[in-house]
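These notes are about the structure you will find just below.
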Amino acid sequence: MSRAAERLRLLINHLDRPPAAIVSFPVGFVYVYLYTDDTDLLTPDQRLFYEKNGFILIKNLVSDEDIDRFRKEFERVCRREVKIPGMVVMRDVAIAKSEFVPDQKAVSKLQDFQEDPELFRYCSLPEILKYVECFTGPNIMAMHTMLINKPPDAGKKTSRHPMHQDLHYFPFRPADRIVCSWTAMERVDRKNGCLVVLPETHTSTLREHDYPQWEGGVNKMYHGVRDYDPALPRVHLEMEKGDTVFFHPLLIHGSGMNQTKGFRKAISCHYASADCYYIDVKGTMQENIEKEVKEIASRKYNLDDEITFKDTWAFKGRLVQGERTSL
Ligand SMILES: CCCC(=O)SCCNC(=O)CCNC(=O)[C@H](O)C(C)(C)COP(=O)(O)OP(=O)(O)OC[C@H]1O[C@@H](n2cnc3c(N)ncnc32)[C@H](O)[C@@H]1OP(=O)(O)O
Ligand SMILES: Nc1ncnc2c1ncn2[C@@H]1O[C@H](COP(=O)(O)OP(=O)(O)OP(=O)(O)O)[C@@H](O)[C@H]1O
Ligand SMILES: O=C(O)CCC(=O)C(=O)O
Ligand SMILES: [Fe+2]
Ligand SMILES: [Mg+2]
């Protein structure tokens, strides 16, 4: 297929979203931007890179000073000096049944830190939001927050994160108005389990997800794409402290095991346009994750079956720029 025909195929596949901008190239075909807005920030090369690959890595975006502050706050949470409403402190499944020691060694992930003013500062950093706006437009909600402290692998490969599409977890659309920012809090590379992405998979559709059949076990809710094909071309995103990758929620990604003795730290936020809308996932491939989220949320808030999948998101989403129009 010629490049122009390939572009046309992409365009036809995406007619549910009005093109953000139309630009003519001298080579004689029209390129329709499907995934980015016309802002002054991204260079034409950066914009085309995201359009083609579904991610873009920005070097040195978050300052050392900010990252050191996030790390300090993380350590306070681990020592149980602060207790944040709604925040989930997760342990790796390999040590889930052992005694809790109040130390970062027992914590593999913090999830939902929207009520921690120090950690949530990450989601409002102007240097992050100006990139986010290129993908979501000006009304921006921070929907999902995580600080991932990937532990040294305990020998069962449970420190891996299976290949997945983040959209699997989200009952809101359109996908093209959602973006993740993921910032390395120290050097991350193949040895300590950097992000692994499958470029261009953001142009595909949402796939069926379930737990991978891994001998050593899998962490709660770490679903992977069904029938993952390990032969597909992968890119390992090696990053330095402060480097930030922005990626599309359909991009297939995961992370390898941590083969070092250190804890690999990253902080991330999933943003969506406040103009997005909730969908009902009943009868769709997302029913399995809805069921798990509802079970955990009912236990966490002591509510029987009253809490809906949509409620769990509307409740934790926070406006970080513009107007809360819909979500
Ligand atoms: C774009 C988004 C992508 C993602 O978000 S991917 C992954 C998201 N993962 C999650 O949201 C998981 C959230 N985690 C949680 O809700 C909690 O950590 C979890 C798993 C419910 C456990 O919390 P607690 O109940 O406070 O912990 P607990 O020590 O009392 O254990 C209760 C039972 O859960 C088990 N458990 C704890 N951590 C686990 C883990 N990492 N993987 C699998 N099972 C785990 C634990 O063994 C215990 O089981 P049992 O009831 O004794 O049989
Ligand atoms: N069956 C599977 N289903 C889903 N994801 C998988 C499966 N097998 C491996 N993965 C994921 O694929 C990604 C790459 O895995 P792999 O362990 O090969 O990478 P790596 O350790 O980063 O690279 P390498 O060991 O080659 O340096 C990781 O995110 C891993 O969790
Ligand atoms: O930091 C990682 O290892 C990847 C985490 C991730 O992709 C997720 O939680 O959705
Ligand atoms: Fe993810
Ligand atoms: Mg490997």
Side-chain angles (χ1 to χ4, degrees), residues 54-55 83 86-101 106-113 142-151 153-154 156 158-172 175 178-186 188-190 192-198 201-202 206 209-212 214 216-225 236-237 239 244-258 263-272 286 288-290 292-302 309 312-313 316:
F55 68 94
K83 182 125 179 53
M87 187 160 78
V88 179
V89 179
M90 250 186 104
R91 294 209 267 167
D92 188 89
V93 62
I95 60 158
K97 304 235 185 262
S98 48
E99 195 191 342
F100 183 82
V101 213
V107 176
S108 58
K109 193 188 239 194
L110 300 184
Q111 198 147 292
D112 301 337
F113 58 65
M143 298 300 287
H144 187 53
T145 52
M146 297 186 284
L147 193 154
I148 308 126
N149 187 45
K150 190 193 274 287
D153 198 86
K156 300 196 153 183
T158 53
S159 65
R160 285 182 298 174
H161 197 128
M163 288 294 193
H164 64 281
Q165 296 167 306
D166 290 339
L167 192 69
H168 172 63
Y169 296 87
F170 304 150
F172 40 89
I178 303 171
V179 72
C180 176
S181 74
W182 189 101
T183 300
M185 293 176 67
E186 62 199 310
V188 296
D189 52 28
R190 248 172 126 143
N192 63 5
C194 63
L195 281 186
V196 182
V197 302
L198 306 187
T201 47
H202 69 304
L206 183 61
H209 285 63
D210 34 42
Y211 287 107
W214 285 350
V218 188
N219 279 301
K220 183 77 176 158
M221 288 211 250
Y222 280 34
H223 293 188
V225 288
H236 287 77
L237 298 181
M239 296 161 67
T244 301
V245 60
F246 295 90
F247 63 90
H248 188 282
L250 283 170
L251 186 77
I252 298 180
H253 66 284
S255 57
M257 70 166 155
N258 183 356
F263 288 73
R264 188 229 68 184
K265 289 182 182 53
I267 186 165
S268 84
C269 180
H270 285 83
Y271 299 92
Q286 287 176 269
N288 60 349
I289 190 70
E290 172 183 48
E292 281 193 50
V293 170
K294 279 172 73 171
E295 279 166 8
I296 290 185
S298 312
R299 240 183 300 139
K300 185 163 140 189
Y301 299 109
N302 236 328
F309 193 26
T312 63
W313 289 97
K316 69 183 191 177

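Just follow the structure's listing: the first ligand is 1, and inside any ligand the first atom is 1. For clarity, every value in this text was computed on a predicted model and none was experimentally measured.
Close contacts of ligand 1 with His270, meaning ligand atoms under 4.0 Å from a residue heavy atom, involve 1 (C). Residue Asp166 has at least one heavy-atom neighbour below 4.0 Å for each of these atoms of ligand 1: 1 (C). Short contacts between ligand 1 and Arg91, defined as distances under 4.0 Å to a heavy atom of the residue, involve ligand atoms 38 (N), 40 (C), 41 (N). Within the listing of ligand 3, atoms 7 (O) sit less than 4.0 angstrom from a heavy atom of His253. Each of the following atoms of ligand 3 lies closer than 4.0 Å to a heavy atom of His164: 6 (C), 7 (O), 8 (C), 10 (O). Interface of Val88 with ligand 1, defined as ligand atoms under 4.0 Å from a residue heavy atom, comprises 14 (N), 15 (C), 16 (O), 17 (C), 18 (O). Interface atoms of ligand 1 facing Ile296, defined by a heavy-atom separation under 4.0 Å, are 16 (O), 21 (C). Near Asn219, meaning under 4.0 Å from any of its heavy atoms, are these atoms of ligand 1: 40 (C), 41 (N), 42 (N). Interface atoms of ligand 3 facing Met146, defined by a heavy-atom separation under 4.0 Å, are 8 (C), 9 (O), 10 (O). Within the listing of ligand 1, atoms 7 (C) sit less than 4.0 angstrom from a heavy atom of Tyr222. Ligand-side atoms of ligand 3 in range of Trp182: 1 (O), 2 (C), range being under 4.0 angstrom from any heavy atom.
Around atom 1 (O) of ligand 3, the closest heavy atom drawn from Arg264, His270, Lys109, Met163 belongs to Arg264. Closest heavy-atom approach to atom 5 (O) of ligand 1 among the candidates Lys220, His144, His223, Glu292: His144.
Counting protein heavy atoms only, atom 4 (C) of ligand 3 is closest to Leu195 CD2, 3.6 Å. The nearest heavy-atom contact from the protein to atom 5 (C) of ligand 3 is His161 ND1, 3.7 Å.
Heavy-atom separations between Lys109 and ligand 1 include at least one value shorter than 4.0 Å.
Taking the side chain as every heavy atom from C-beta outward, Met221 and Val293 approach each other to under 4.5 Å. Contact of the Met185 side chain with the Leu147 side chain is registered, since non-hydrogen atoms from C-beta on lie closer than 4.5 Å.
For residue His253, an N/O/S atom approaches the Fe ion (ligand 4) to within less than 2.8 Å. The distance from the Fe ion (ligand 4) to the nearest N/O/S atom of His164 is under 2.8 Å.
The CG atom of Asp166 sits 11.0 Å away from atom NE2 of His248, with the distance rounded to the nearest 0.5 Å. With rounding to the nearest 0.5 angstrom, the CZ atom of Phe170 is 11.0 Å from the CG atom of Leu206. Met87 CE to Lys316 NZ: the interatomic distance, rounded to the nearest 0.5 Å, is 13.0 Å. Atom CG of residue Leu251 and atom CE of residue Met163 lie 9.0 Å apart, to the nearest 0.5 angstrom.
Contacts of Ser255 with ligand 3, taken as heavy-atom pairs under 4.0 Å, involve the side chain alone. If you look at Arg160 next to ligand 3, there are no close heavy atoms at all, none under 4.0 Å.
With Arg264 contributing its side chain and Gly193 its backbone, the two residues share a donor-acceptor pair below 3.5 Å. Without hydrogens or angle criteria, Ser108 side chain to Met90 main chain gives a donor-acceptor distance under 3.5 Å. No donor-acceptor pair under 3.5 Å is formed between the side chain of Asp112 and the backbone N or O of Val88.
Residue His223 is tested with Glu292, His164, Gln165 for a side chain to side chain contact (heavy atoms under 4.5 Å, CB included); the sole match is Glu292.
The shortest non-hydrogen separation linking Asn219 to Thr158 is ND2-O, 3.2 Å. The two residues Pro151 and Asn258 make their nearest non-hydrogen contact at O-CB, 3.2 Å.
In terms of polar-atom proximity, defined here as any N/O pair under 3.5 Å, Gln111 does make such a contact with ligand 1.
Taking the six-membered ring where tryptophan is involved, the planes of His270 and Phe247 are perpendicular, since the angle between them exceeds 60° and thus also 30°.
The Fe ion (ligand 4) sits nearest to atom OD1 when only the N, O or S atoms of Asp166 are considered.
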